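Encoded as structure tokens, the structure appears first; notes follow it.
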Amino acid sequence: MPSYNLSHLDQLEAEAIFIFREVAAQFEKPVILFSGGKDSITMVHLARKAFWPAKVPFPLLHIDTGHNFPEALEFRDNLAKKYNVTLDVGLVQDSIDRGTAQEERGVNPSRNSLQSITLLEKLEEGAYDAAFGGGRRDEEKARAKERFFSHRDDFGQWDPKNQRPELWNLYNGKKAVGESFRIFPISNWTEMDVWQYIKKEKIELPSIYFSHKRNVVNRGGVWIAESPYNTLLEGEKYEERVIRYRTLGCMTITGAVESEASTLDAIIEEVAAARQTERGNRADDKRSEAAMEDRKKQGYF
Amino acid sequence: MSDSTKGYMDMDLLRFTTAGSVDDGKSTLIGRLMYDTKSIFEDQIDAIEQSSQNRGDEHVNLALLTDGLKAEREQGITIDVAYRYFATPKRKFIIADTPGHIQYTRNMVTGASTANLAIILIDARKGVIEQTKRHSFIASLLQIKHVIVCINKMDLVDYSEEIFEQIKKEYLGFDAKLEIPDIRFIPISALHGDNVVNRSENMDWYQGPSLLWTLENVQIASDRNLIDSRFPVQWVIRPQSDEYHDFRGYAGNIAGGVFRKGEEVVVLPSGFTSKVKSISTMDGELAEAFPPMAVAITLEDEIDISRGDMIAKPNNQPKAEQDIDMMICWLNTNALKLGGKYLIKHTSNEAKCIIKDVRYKVNVNTLEKSEDDKEIKANDIARIQIKTARPLFFDSYRKNRNTGSVILIDEFSNETVGAGMII
């Protein structure tokens, strides 16, 4: 007698596939928010599984701050081509040029908070009524409160105090004109689950996730990469280190970890032993205790 | 791959919910479980140490780890369901962390809806109180098969065996009204870690396992329905490509039973029968599929099938009716409208429905039924009768949580207003 048990990865996969299909059925024009990071790459893989052998019925939307790792952009373009998926890119620079967004002041301005503006503009422009995000509840305490189907008002705002209750696997995507949803198919996954799944499914990743040599500068305990977007402060200098990235964001704010892990096995072991959260080296989360919650309320995914 | 990562790849998954009234130490228990299983990172600890200091708390407040929203931290209470994760080499755990306040019964129902197991906390100094009964009733109503009653704060009652036994007896005094096949009792101190992850040295009279050991070892596989085959069609896959020109797959997750290639099936509501031609996935074809697998089923015959239809076996079909009795938990601040129309969502099916009758309301604290009180407000639980505009294909919730659960949606506000369990 077979046991008919699914491993945790298989259960999480089945749950995510269910969400992808549910969104296809309930919404007019969904889009997958794609950053080129491991979570959104995993989402594309899950979307392919959900509709196979048909192609993924959603386009990808990348909000490009203009401060991205070149390796990530190259990977992004190749992936869209390989799976024959439409790729739409929203440039934060366009919003700045239009005057709808304003560059931060200071020596090393971050464009992280500006992403929300460009994102909302692109969602409106594309008339997208559901946007998939790779957010996971284990990432951050405000995200732990997030629903699979997260309702947004017609300004794209999240109201954490007034979320729709979500029971069983019955997801309610009903909305008024102008309102939209953010969809988080991998809500229940942890960083470890994502890495294990990437290994199990042999999913390709941008090279920056694996150990490599790079010129970096230590700023407030965080290793920041040399890039055209970063200005050295007084007394700082770049040095070559063996590093890799645990998360992928703008070059200006994403800290590298010193690591020799060059294979998925080594990364999984490293993650299992890690004493810092993956976002522990994201400068954008450290600006205030409720930085993520505040950004999400305004439309960040 | 080394042995340390190997086990993690094919772990089992247990979803559980925690219930307890305010100050029973729920957040501390979750904090303890995560802390002792090394699921809390140093920067998270640093952050809550800093916040505790800023707030003027005397000790590091582990509850800050779980209260994620600003308003929660300001008020020091948990407002909304949150989900937490931790893993041991044996199992991965998803915790639905639900608030204990009485006005948030709906949140406990929400957390319990996907749980395999519930932890109910009792303050050893207070014993069984109304909220203990309410939480147990909800666990029973939601058909949670395993309940662990954790009698907490044993350190504050001198680790007294008498008090533990007395509370256990009290609990067993009312559990006859509950449908929970597996109830266990563990004396703990979440604050000091007694019997949470490690066995307590302070209670040598307790011979049972620790909480974590119990969570790791409770058998949940048999809680699924593997008898009654149910496949709600979620989406029809038509590739229209050269390679898969004739492919017509019915996509969905298996909601009950086992489907096998070559077996005869019936499609509802049309009643047409056919045979399973293939069970397809991107990883290849499968010989059989079981809950909760996500697959695409193709059939031998060309039948008109769309979302909301149900595939079953000819000799074992779900009920197909329009008059439906259910227990409902009301979720919305707008009261239930007797005679009012709502949208009902059941599996992948949707229909309009009308509330025909409120048969009785349950007092969730005493478990008494009241047939006179027909006013159903937020957090109330009642038995109602509805009529749907077209038949739903369902089983009783007791038989199958997937095909026996529904939500009601208000058509004007679009909000999810009710959570129903079909009788």
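Since the structure is predicted, the reported quantities are computational estimates derived from the model, not experimental observations. Letters A, B, ... mirror the listed sequences (proteins, then strands); counts begin at 1.
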**Max heavy-atom pair count under 4.5 Å with chain A, selected residue of B:Glu411, B:Arg238, B:Arg224, B:Glu350** = B:Arg224
**Request:** With a 4.5 Å cut-off on heavy-atom pairs, point out which of A:Trp189, A:Phe51, A:Trp52 contacts chain B the most.
**Result:** A:Trp52
**Fill in**
With chain A, the option among B:Val109, B:Asp283, B:Asp12 that has the most non-hydrogen atom pairs under 4.5 Å is B:Asp283
**Item:** Top contributor to chain B contacts, counting heavy-atom pairs under 4.5 Å, from A:Lys55, A:Arg164, A:Lys200
**Value:** A:Arg164
**Complete:** Closest non-hydrogen atoms of A:Arg147 and B:Val81, given as atom of the first, atom of the second and distance, are NH1-O, 4.2 Å
**Request:** Answer yes or no: is there a donor N or O on one side and an acceptor on the other, between the side chain of A:Arg137 and the main chain of B:Tyr85, under 3.5 Å?
**Result:** no
**Item:** Note, B:Pro291 side chain near A:Tyr4 side chain (heavy atom, < 4.5 Å)
**Value:** no
**Message:** At a 4.5 Å cut-off on heavy atoms, which part of B:Ile237 comes close to chain A: side chain, backbone, both, or neither?
**Reply:** side chain
**Prompt:** By a 4.5 Å heavy-atom criterion (distance strictly below it), what part of B:Tyr83 contacts chain A: side chain, backbone, both, or neither?
**Reply:** both
**Item:** Donor-acceptor side-chain pairing of A:Asn169 and B:Arg401 below 3.5 angstrom
**Value:** no
**Item:** Contact winner vs chain B - A:Glu166, A:Glu201, A:Glu179, heavy-atom pairs under 4.5 Å
**Value:** A:Glu166
**Message:** Rounded at 0.5 Å granularity, tell me how far CH2 in A:Trp168 sits from CE in B:Met421.
**Reply:** 4.5 Å
**Request:** Give a yes or no on whether the ring-centroid distance for A:Phe20 and B:Trp235 is below 6.0 angstrom.
**Result:** no
**Prompt:** What is the distance from atom CG of A:Leu170 to atom CG of B:Leu408, rounded to the nearest 0.5 Å?
**Reply:** 10.5 Å
**Complete:** Output for pair (B:Thr281 OG1, A:Ile17 CD1), nearest 0.5 Å, gives 8.0 Å
**Asked** Is there a donor-acceptor pair under 3.5 Å between the side chain of A:Asp10 and the backbone N or O of B:Met293?
**Response** no
**Prompt:** Is any side-chain heavy atom of B:Phe86 closer than 4.5 Å to a side-chain heavy atom of A:Thr190?
**Reply:** no
**Asked** What residue, out of B:Arg307, B:Glu415, B:His346, has the most heavy-atom pairs lying under 4.5 Å from chain A?
**Response** B:Arg307
**Message:** So which residue, A:Pro53, A:Ala14, A:Ala176, ends up with the most heavy-atom pairs under 4.5 Å with chain B?
**Reply:** A:Pro53
**Prompt:** Relative to chain A, which segment of B:Arg15 carries a heavy atom at a distance below 4.5 Å: side chain, backbone, both, or neither?
**Reply:** side chain
**Prompt:** At a heavy-atom separation under 4.5 Å, does A:Ala266 approach chain B through its side chain, its backbone, both, or neither?
**Reply:** neither
**Region of B:Thr110 in contact with chain A, defined by heavy-atom distances below 4.5 Å** = both
**Item:** Atom group of B:Lys345 that falls short of 4.5 Å from chain A, counting heavy atoms
**Value:** both
**Request:** Please state whether the side chain, the backbone, both or neither of A:Tyr197 comes within less than 4.5 Å of a heavy atom of chain B.
**Result:** neither
**Asked** A:Leu12 versus chain B, heavy atoms under 4.5 Å apart: side chain, backbone, both or neither?
**Response** side chain
**Item:** Selection from B:Ala251, B:Ser413, B:Ser241 maximising heavy-atom pairs under 4.5 Å formed with chain A
**Value:** B:Ala251
**Contact leader toward chain B among A:Gly173, A:Pro57, A:Ala25, A:Ala50, where contacts are heavy-atom pairs under 4.5 Å** = A:Ala25
**Asked** Tell me, side chain or backbone of A:Gln26 under 4.5 Å from chain B's heavy atoms, or both, or neither?
**Response** side chain
**Message:** Among A:Glu22, A:Lys175, A:Gln11, which residue has the highest count of heavy-atom pairs closer than 4.5 Å to chain B?
**Reply:** A:Glu22
**Prompt:** For A:Ser187, is it the side chain, the backbone, both or neither that has a heavy atom under 4.5 Å from a heavy atom of chain B?
**Reply:** backbone
**Message:** Using a 4.5 angstrom heavy-atom cutoff, name the option from B:Ser113, B:Gly111, B:Ala294, B:Pro239 with the most pairs to chain A.
**Reply:** B:Ser113
**Asked** Which bit of B:Leu343 comes within less than 4.5 Å of chain A, counting heavy atoms only: side chain, backbone, both or neither?
**Response** side chain
**Complete:** Answer key: most heavy-atom pairs under 4.5 Å with chain A among B:Leu142, B:Asn253, B:Thr114 is B:Asn253
